[in-house]
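Note that the numbering runs from 1 along the sequence shown for the chain. Just so you know, these numbers come straight off a predicted model, no measurement behind them.
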Amino acid sequence: MEAALIDWYGETPVAGAWAADQQLWASETSGTWTLMQLHEGGEACVLDQGQNWQPSDDPVVALQEMLDAEGQPEDGAVVAFLDLLMSGAS
């Protein structure tokens, strides 16, 4: 999964965007982003993905701005991840 995100989309892990067993990857060049669920044994699955990623020093701010701009549903995986980040879960 990581190789595909790096090679195909130019995405890298977003600093500070790791909560519980979820991690956000994004590309400043292409604007794509991927939210992954990591499992024991090295398996991963995509929870959500999209475009229009805008880098920020604070991933919480970047996620909130993206949600506001795209009108994401309030019960989606990204909103749940944002809640985890804001709660300090790691």
Side-chain angles (χ1 to χ4, degrees):
M1 177 79 68
E2 290 180 6
L5 293 175
I6 294 167
D7 294 341
W8 295 347
Y9 302 103
E11 294 182 6
T12 57
V14 175
W18 171 274
D21 54 357
Q22 298 176 9
Q23 186 176 32
L24 182 68
W25 287 55
S27 170
E28 293 183 15
T29 306
S30 68
T32 61
W33 58 270
T34 304
L35 178 59
M36 294 193 327
Q37 176 87 39
L38 308 173
H39 300 281
E40 291 183 28
E43 296 176 348
C45 65
V46 173
L47 296 175
D48 206 345
Q49 61 187 8
Q51 299 179 354
N52 302 319
W53 176 258
Q54 297 295 318
S56 172
D57 291 337
D58 185 342
V60 172
V61 170
L63 281 170
Q64 190 62 57
E65 288 175 353
M66 184 188 66
L67 290 174
D68 292 344
E70 294 186 359
Q72 291 279 342
E74 294 184 14
D75 61 347
V78 176
V79 173
F81 179 67
L82 183 58
D83 289 343
L84 282 173
L85 285 178
M86 292 186 342
S87 73
S90 57

List the atom pairs, with distances to 0.1 Å, where a side-chain N or O of residues 38-46 and a protein N or O form a donor-acceptor pair under 3.5 Å, not counting sequence neighbours.
none

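Taking hydrophobic clusters as Ile, Leu, Val, Met, Phe, Trp and Tyr residues chained together by side-chain heavy-atom distances below 4.5 Å, Leu63 does not share a cluster with Val61.
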request  = Show your working on side-chain contact (heavy atoms from CB on, under 4.5 Å) between Leu85 and Leu24 and close with a plain yes or no.
outcome  = CA-CA 11 Å; Leu85 285 178; Leu24 182 68; over 6 Å; no
inquiry  = Set out, in order, the CA-CA distance, both residues' side-chain angles and the distance that settles side-chain contact (heavy atoms from CB on, under 4.5 Å) for Phe81 and Leu47, then state yes or no.
reply    = CA-CA 10 Å; Phe81 179 67; Leu47 296 175; over 6 Å; no
message = Evaluate Trp33 against Val78 for side-chain contact (heavy atoms from CB on, under 4.5 Å), listing each step before the verdict.
response = CA-CA 11 Å; Trp33 58 270; Val78 176; 3.4 Å; yes
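The minimum heavy-atom distance linking Ala77 with Leu35 is given by the pair O-CD2, 3.7 Å. Closest non-hydrogen pair, Ser27 versus Glu11, comes out as N-CG, 3.8 Å. Heavy atoms only, all atoms of each residue included: Gln22 and Leu84 are closest at OE1-CD1, 3.9 Å. Pairing each heavy atom of Pro59 with each of Gly16, the nearest pair is CG-O, 3.5 Å.
Counting only residues at least two apart or on different chains, the side-chain hydrogen bond (donor to acceptor under 3.5 Å, both in side chains) pairs with a member in residues 50-62 are Asn52-Glu70.
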